[in-house]
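What you see below is based on every heavy atom in this structure, not just the backbone, and it leaves out hydrogens, waters and symmetry mates.
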Amino acid sequence: MNEEQTTPKSHFIKEIIDADLAVGKNESRIHTRFPPEPNGYLHIGHAKSIVLNFNLAREYNGLCNLRFDDTNPIKEEEEYIESIIEDVRWLGFDWEDRLYYASDYFEKLYELAEQLVLAGKAFVCDLSGDEIRAYRGTLTEPGKDSPYRDRPVDENIALFRRMRAGEFPDGTRVLRAKIDMAHPNLNMRDPVIYRILHASHPRTGDEWCIYPMYDWAHGLEDSIEKITHSLCTLEFEDHRPLYDWFLIELGVYRPRQIEFARLNLSYTVLSKRRLLQLVQEKLVSGWDDPRMPTISGMRRRGYTPIAIRNFSERVGVAKKNNIADMALLEYYLREDLNKIAPRVMAVLNPVKLVIDNYIEDQTEMLTADNNPEDESAGTREIPFSREIYIEREDFRTEPHKKFFRLYPGKEVRLKHAYIIKCESFVTDDETGEVAEIHCTYDPESRSGGAAADRKVKGTLHWVSAPHAIPAEVRLYDRLFQVSNPNSVPEGKDFKYNLNPNSLETLTAQVEPGLADATSGERYQFLRRGYFCVDSRDSRPGRPIFNRTAPLRDSWARIERQQQKRSR
RNA sequence: UGCCGGGUCGUCUAAGGGUAAGACCGCGGCCUUUGGAGCCGUUAAUGGUGGUUCGAAUCCUCCCCCGGCAGCCA
């Protein structure tokens with residue numbers, strides 16, 4: 001794995017681990033786990049947890065398991081399992097032979113449940129779902145005991161076995177722990193630990209018709225795997241007493257649960273429920289839509305594992321609810337891409353430019369460096385000719401001050417080529433738009449040549465018109481137009497904040513070498529941004545590019561400020 | 001207001017009784033054959049009270065604000 005850019009910082013979880021180590025807990029082992037439920041695709045929020053768990057294991061010379069918490073067959077699918085495995089691997093982590101499934105432990109979990117029943121600490125309850133809710137009490141009032149709470153042990157065991165045997169329909173009975181219906185923590189009010197679900201499980205098929213609840217399963221999974229530190233998010237804080245209760249009652253190995261704040265990211269949503277909604281309502285093209293904050297979406301967008309890892313480390317680990325700034329993610333993205341992305345020229349909004357004093361039909365091959373940040377990236381040859389395309393926005397008929405690109409009478413450098421001077425331009429009679437720009441060039445000014453160091457203020461990218469190839473370019477922008485999409489006016493939901501301009505498709509003219517760009521390749525389009533060959537729709541000879549991120553644009557900033565001032 | 005957990009620059013995270021620090025963002029400058037990158041500089045914070053102390057973000061009091069919890073979801 002590549003070295004991380006940021007110095008690993010300390011945080012409260014490391015302090016807990018250090019303290020545990022200091023007193024010799026767990027024979028000085030450190031063993032963590034990443035325990036996703038396969039009911040959706042992984043997103044950047046999961047990345048934070050993955051990075052945390054795997055890095056902790058690495059830093060402390062320990063282990064980290066990948067474990068699927070597949071205890072609810074109704075929501076879980078094989079497709080999700082596969083995508084999760086792919087994503088964790090892509091992020092750069094290795095669980096070696098420790099890929100586990102909660103469903104592998106179903107038999108063991110069942111035995112332990114019988115043990116709890118036999119100990120008189122669990123009972124079969126015949127109350128309906130509604131009744132259980134009613135008996136539970138409220139946040140401020142205690143609940144009351146189920147009428148089945150004092151069922152004798154042998155009756156409980158018999159009933160529980162019959163539940164497993166499939167004698168009862170869904171929802172008719174549950175197994176519950178016998179704790180305290182007046183407990184101030186609602187999780188301790190005789191929580192359900194098994195429910196009847198005649199559903200086919202992606203891995204165990206129809207072998208089971210009762211399935212363990214999270215609280216029962218999770219701690220036991222951790223215990224079975226001898227996890228030392230079980231990291232989870234803040235909403236499980238209230239579950240810790242129950243986590244501990246089960247393990248203590250059973251007398252089994254007890255890992256330590258530690259809760260930290262989940263990641264939130266500005267300008268997007270990070271909840272599987274909402275992401276699923278975007279997918280199902282076709283507001284995006286799928287889980288891997290490049291606008292999605294899913295790992296697969298970001299991969300397709302052109303993000304790198306290093307960028308995601310560095311970001312995940314940088315946001316830190318604490319217990320405060322937070323919304324991390326998308327700008328920080330993009331900072332690490334650009335930092336990585338700047339180092340590794342080959343530079344190429346692509347004109348997104350082309351306008352034709354004719355160099356009147358250049359020999360007609362001549363093609364000249366020019367040498368261009370592939371990455372000024374990395375000499376080892378080498379050079380390539382690009383064709384130059386009398387007619388080229390430049391960006392429409394790089395030309396103004398009437399520039400305002402500070403515009404140092406092309407306008408009548410003005411000289412600019414064509415990157416890797418010559419200095420040209422604008423002599424005139426032609427407008428389209430119909431639209432009034434500039435149709436063609438006429439220039440002359442200085443033959444002495446070729447890059448690398450004798451008079452090449454002549455100073456001109458602006459440098460433009462370009463492509464030779466006869467050699468350029470057209471390419472579809474997808475300009476992606478943030479999915480939501482407000483920093484916190486969950487804050488909405490009365491009666492609206494988060495979709496109200498969707499950015500209607502999050503995707504703009506156009507046809508660019510790109511340098512010929514890009515014709516055979518292959519899936520997943522990342523480039524910097526000079527002066528425009530970072531782009532990635534789309535892994536789904538791109539075809540050899542007809543490349544499609546996704547904009548990963550625009551370059552930082554100080555010119556855009558100047559323009560914004562001037563507009564503000566003139567208002 | 002039953003229980004649990006949180007409040008430090010715009011954002012995220014440090015400082016663990018001794019000068020409130022760093023990163024991102026923003027702003028200004030230098031540099032530049034990418035208005036990119038890089039370099040330099042800079043703005044900006046301890047929720048409020050009262051107390052302990054030579055000294056409080058840190059310890060104590062009271063208050064305020066925010067989040068989570070009443071699935072046979074995880």
Side-chain angles (χ1 to χ4, degrees), chain A residues 6-7 9-11 15 35-37 39 69 71-72 74-75 125 127-129 132-134 136-143 170-176 183-189 191-197 211 213-215 217-218 232-241 259 261 263 266 272 311 314-332 334-335 338-339 343 345 372-373 402-405 412-417 419 445 447-448 452-461 483 524-529 550-558:
Chain A
T6 49
T7 317
K9 298 188 297 179
S10 193
H11 50 68
E15 289 175 4
E37 184 192 13
N39 66 343
D69 212 356
T71 56
N72 184 359
I74 291 169
K75 291 185 175 178
C125 182
L127 255 25
S128 70
I132 288 181
R133 192 174 314 121
R136 186 153 36 222
T138 68
L139 293 175
T140 52
E141 304 158 56
D170 289 2
T172 52
R173 280 174 232 266
V174 292
L175 184 71
R176 292 226 256 168
H183 199 108
N185 180 343
L186 271 61
N187 294 124
M188 301 297 272
R189 319 243 261 228
V192 172
I193 59 187
Y194 269 93
R195 76 282 214 189
I196 301 171
L197 243 36
Y211 290 92
M213 297 288 290
Y214 168 85
D215 287 305
H218 203 93
C232 63
T233 45
L234 253 27
E235 66 270 27
F236 292 103
E237 218 151 15
D238 290 338
H239 293 247
R240 180 159 25 98
E259 311 84 13
L263 174 73
S266 60
K272 284 189 196 171
F311 169 76
R314 241 323 165 169
V315 290
V317 181
K319 299 194 74 155
K320 193 181 78 170
N321 294 310
N322 62 78
I323 304 179
D325 197 339
M326 177 75 88
L328 184 64
L329 212 208
E330 291 182 338
Y331 169 81
Y332 285 110
R334 292 191 180 102
E335 180 185 67
N338 179 51
K339 280 187 291 207
R343 273 61 168 173
M345 295 202 283
E373 304 285 317
K402 286 192 176 172
F403 183 84
F404 45 85
R405 302 178 188 181
V412 296
R413 155 82 57 188
L414 292 176
K415 181 75 179 175
H416 304 309
I419 291 171
S445 65
S447 280
D453 55 351
R454 189 148 69 83
K455 294 290 176 210
V456 284
K457 193 76 171 147
T459 300
L460 308 187
H461 62 282
S483 171
Q524 185 195 106
F525 287 180
L526 225 61
R527 300 207 305 138
R528 297 309 311 237
L551 251 25
R552 287 183 68 230
D553 189 350
S554 49
W555 165 245
R557 210 183 62 221
I558 292 167

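Atom CD1 in A:Ile74 sits roughly 16 Å away from atom P in B:G71 (whole-Å rounding). A:Phe403 places its CZ atom 11 Å from the C1' atom of B:G35, with the value rounded to the nearest Å. Rounded to whole angstrom, the span from the CG atom of A:Leu460 across to the P atom of B:G36 amounts to 15 Å. Rounded to whole angstrom, the span from the CG atom of A:Leu234 across to the P atom of B:G67 amounts to 13 Å. The nearest whole Å value for the distance from the OH atom in A:Tyr211 to the C1' atom in B:A74 is 16 Å. Summarising the geometry, the separation between NZ on A:Lys75 and P on B:C72 is reported as 12 Å, rounded to the nearest angstrom. Regarding A:Glu15, its CD atom lies at a distance of 18 Å from the P atom of B:U58, rounded to whole Å. Remark: P of B:G29 and CZ of A:Arg557 are 9 Å apart, rounded to the nearest angstrom.
Counting non-hydrogen atoms under 4.0 angstrom, A:Val456 reaches nothing in the nucleic acid. Nucleic acid contact for A:His416: base, since at least one base atom lies under 4.0 Å from a heavy atom of the residue. Within 4.0 Å (heavy atoms only), A:Tyr194 reaches no atom of the nucleic acid at all. Note on A:Asp170: nothing from the nucleic acid sits closer than 4.0 angstrom, heavy atoms only. A:Leu197 comes within 4.0 angstrom of nothing in the nucleic acid, heavy atoms only. Residue contacts shown for A:Gln524 include a base, since a base heavy atom lies under 4.0 Å away. A:Asn338 comes within contact range of at least one nucleobase, with a heavy-atom separation under 4.0 Å. Base engagement by A:Leu127 is indicated by at least one non-hydrogen atom pair under 4.0 Å involving a base atom.
The shortest distance between the side-chain N/O atoms of A:Arg240 and the OP1/OP2 oxygens of B:G5 is not below 4.0 Å. Contact check, A:Thr71 against B:A74: a side-chain N or O comes under 4.0 Å of OP1 or OP2. In this structure, A:Lys455 reaches the B:U33 phosphate: one of its side-chain N or O atoms is under 4.0 Å from OP1 or OP2. In terms of phosphate contacts, A:Lys320 brings no side-chain nitrogen or oxygen within less than 4.0 Å of OP1 or OP2 of B:C66. Distances shorter than 4.0 Å separate none of the side-chain N or O atoms of A:Arg314 from OP1 or OP2 on B:U13. Checking the phosphate oxygens (OP1, OP2) of B:G71, a side-chain nitrogen or oxygen of A:Arg136 falls inside 4.0 Å. In terms of phosphate contacts, A:Tyr214 brings no side-chain nitrogen or oxygen within less than 4.0 Å of OP1 or OP2 of B:C73.
When distances run from any side-chain atom of A:Arg133 to the nucleotides B:A23, B:A70, B:G35, the shortest one goes to B:A70. Across B:G68, B:A37, B:C72, the shortest atom-to-atom separation from the side chain of A:Val174 is found for B:C72. In this structure, the nucleotide among B:C4, B:G35, B:C72 sitting nearest to the side chain of A:Arg527 is B:G35. Distance from the side chain of A:Tyr331 is smallest to B:C24 among B:G35, B:U34, B:C24. The side chain of A:Ser554 approaches B:G35 more closely than any other nucleotide in the set B:C69, B:C4, B:G35. For A:Pro184, whose side chain is taken as the heavy atoms from C-beta onward, the closest listed nucleotide among B:G5, B:C3, B:G35 is B:C3. Among the nucleotides B:U13, B:G2, B:G35, the one closest to the side chain of A:Leu186 is B:G2. For A:Arg552, the side-chain atoms get nearest to B:G26 when compared with the rest of B:U33, B:G26, B:C73. Listed nucleotides B:C73, B:A23, B:U13 differ in distance to A:Leu328; the shortest reach to its side chain belongs to B:A23. Checking B:G67, B:G71, B:C4 against the side-chain heavy atoms of A:Asn321 singles out B:G67 as nearest.
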**OP:** Before giving the answer on salt bridge (Lys or Arg N to Asp or Glu O under 4.0 Å), spell out for A:Glu37 and A:Lys75 the whole-Å C-alpha distance, their side-chain angles and the decisive distance to 0.1 Å.
**Re:** CA-CA 9 Å; A:Glu37 184 192 13; A:Lys75 291 185 175 178; 5.9 Å; no
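Remark: the A:Glu259 side chain and the B:G6 base include no donor-acceptor N/O pair separated by less than 3.5 Å. The base of B:G68 lies close enough to the side chain of A:Asp238 for a donor and an acceptor atom to sit less than 3.5 Å apart. Side-chain to base pairing of A:Arg528 with B:G36: no donor and acceptor N or O lie closer than 3.5 Å to each other. Between the base of B:U34 and the side chain of A:Thr459 there is no donor-acceptor pair shorter than 3.5 Å.
Counting heavy atoms from C-beta outward, A:Arg334 and A:Pro550 have side chains that approach closer than 4.5 Å.
Applying the ring-ring contact (aromatic ring centres under 6.0 Å, His included) rule to A:His11 yields no partners; only residues at least two apart in sequence or on another chain are considered. With sequence neighbours excluded, the residues that form a salt bridge (Lys or Arg N to Asp or Glu O under 4.0 Å) with A:Arg527 are A:Asp394.
A:Arg189 places a side-chain N or O within donor-acceptor distance of the main-chain N or O of A:His183, the cut-off being under 3.5 Å. A:Arg557 places no side-chain N or O within 3.5 Å of a backbone atom of A:Arg552 that could act as its donor or acceptor partner.
Taking the syn range as angles within 90° of 0, the glycosidic angle of B:G50 is outside it, so the base is anti.
Helical stems in RNA chain B, defined as runs of 3 or more consecutive Watson-Crick or G-U wobble pairs with donor-acceptor distances under 3.5 Å: B:2-7 with B:64-69, B:10-13 with B:21-24, B:26-30 with B:38-42.
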